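Below, read A as the first sequence line, B as the second, and so on, with proteins coming before strands; counting in each chain starts at 1. Everything quoted here is computed from the prediction, not taken from an experiment.
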Amino acid sequence: AQSVTQPDIHITVSEGASLELRCNYSYGATPYLFWYVQSPGQGLQLLLKYFSGDTLVQGIKGFEAEFKRSQSSFNLRKPSVHWSDAAEYFCAVGGRASSASKIIFGSGTRLSIRP
Amino acid sequence: GAVVSQHPSRVICKSGTSVKIECRSLDFQATTMFWYRQFPKQSLMLMATSNEGSKATYEQGVEKDKFLINHASLTLSTLTVTSAHPEDSSFYICSAEGQSTFTAEAFFGQGTRLTVV
């Protein structure tokens, strides 16, 4: 069965510090992997996605993620966080089933930034 | 990227009434639309998948008679919460996918905050 696990419910980092948000997935085929960010009361914004090719993908706002098949992981990283990065982050896995894809979300990690 | 517009962004309704939420793809034809529900501080749970011109496919545990989904055109899907109750209060988000968009990538609306009083 498809599933996404984000083991960290809440993370607090200091502004300027590096960040890594963990994501593990379970999927029967080659997964399509996503990271989304959600500010309070807002919709979702796609940070980055992995379909194939280079396992290190670059996204918007200075984020990157690395796909590691052997570990079934797709961790999100940023070398130096900004106060504006405080938000909820969702890892998601999707794929094609017939003519449509279905995206399954992890439980989310709330990121707080310490001044 | 493609733009998906959701309306309204916020709605308050009385218990027992029905509420319609619209999801529009503005610059592409959405062959498939997805509806999600998000409870406070929780993740998004897929409610249903709708394909243009056909009946929606509901996830297990979602009442199809309560959450009516219509996908009558390639740019519009609607979710109607019928006989709403306070426990239906939630954040509802749609996403849309078109044949011309990236494989397996769906674009999300900005969400609708429903409060039933």
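In terms of heavy atoms, A:I103 sits closest to B:Y36 at O-OH, 3.1 Å. B:S43 and A:S107 get closest at one heavy-atom pair: CB-CA, 3.6 Å.
Using a 4.5 Å cut-off between heavy atoms, B:L46 touches chain A through its side chain atoms alone. Looking at A:Q38, only its side chain comes within 4.5 Å of chain B, counting heavy atoms on both sides. Interface remark: B:Q6 contributes no atoms to any contact with chain A (heavy atom separation under 4.5 Å).
The local environment of NZ in B:K55 is sparse, with at most 12 non-hydrogen atoms from other residues, nucleotides or ligands closer than 6.0 Å. When the shell of 6.0 Å around NE2 of B:H7 is examined, it contains 12 or fewer heavy atoms from other residues, nucleotides or ligands. More than 12 heavy atoms of other residues, nucleotides or ligands lie within 6.0 Å of CZ in A:R77, so this atom counts as buried by the packing criterion.
Residues A:L46 and B:F107 are not in side-chain contact: their nearest non-hydrogen atoms beyond the backbone lie 4.5 Å or more apart.
Under the 4.5 Å side-chain heavy-atom criterion for Ile, Leu, Val, Met, Phe, Trp and Tyr, B:V116 and B:F91 are members of distinct hydrophobic clusters. B:L44 and A:I9 end up in different hydrophobic clusters when Ile, Leu, Val, Met, Phe, Trp and Tyr side chains are linked at under 4.5 Å. Residues A:F34 and B:F108 fall within the same hydrophobic cluster, defined by Ile, Leu, Val, Met, Phe, Trp and Tyr side chains chained together at heavy-atom separations under 4.5 Å. Note: the hydrophobic cluster containing B:Y92 also contains B:V62 (ILVMFWY, side chain heavy atoms under 4.5 Å, direct or indirect links).
Taking CD from B:Q38 and CZ from A:F90, the interatomic distance works out to 4.5 Å, rounded to the nearest 0.5 Å. Taken from CD1 in B:I93 to OH in A:Y36, the straight-line distance is 10.5 Å, to the nearest 0.5 Å.
Ring centroids of A:F105 and B:F34 are separated by 6.0 Å or more, keeping the two rings apart.
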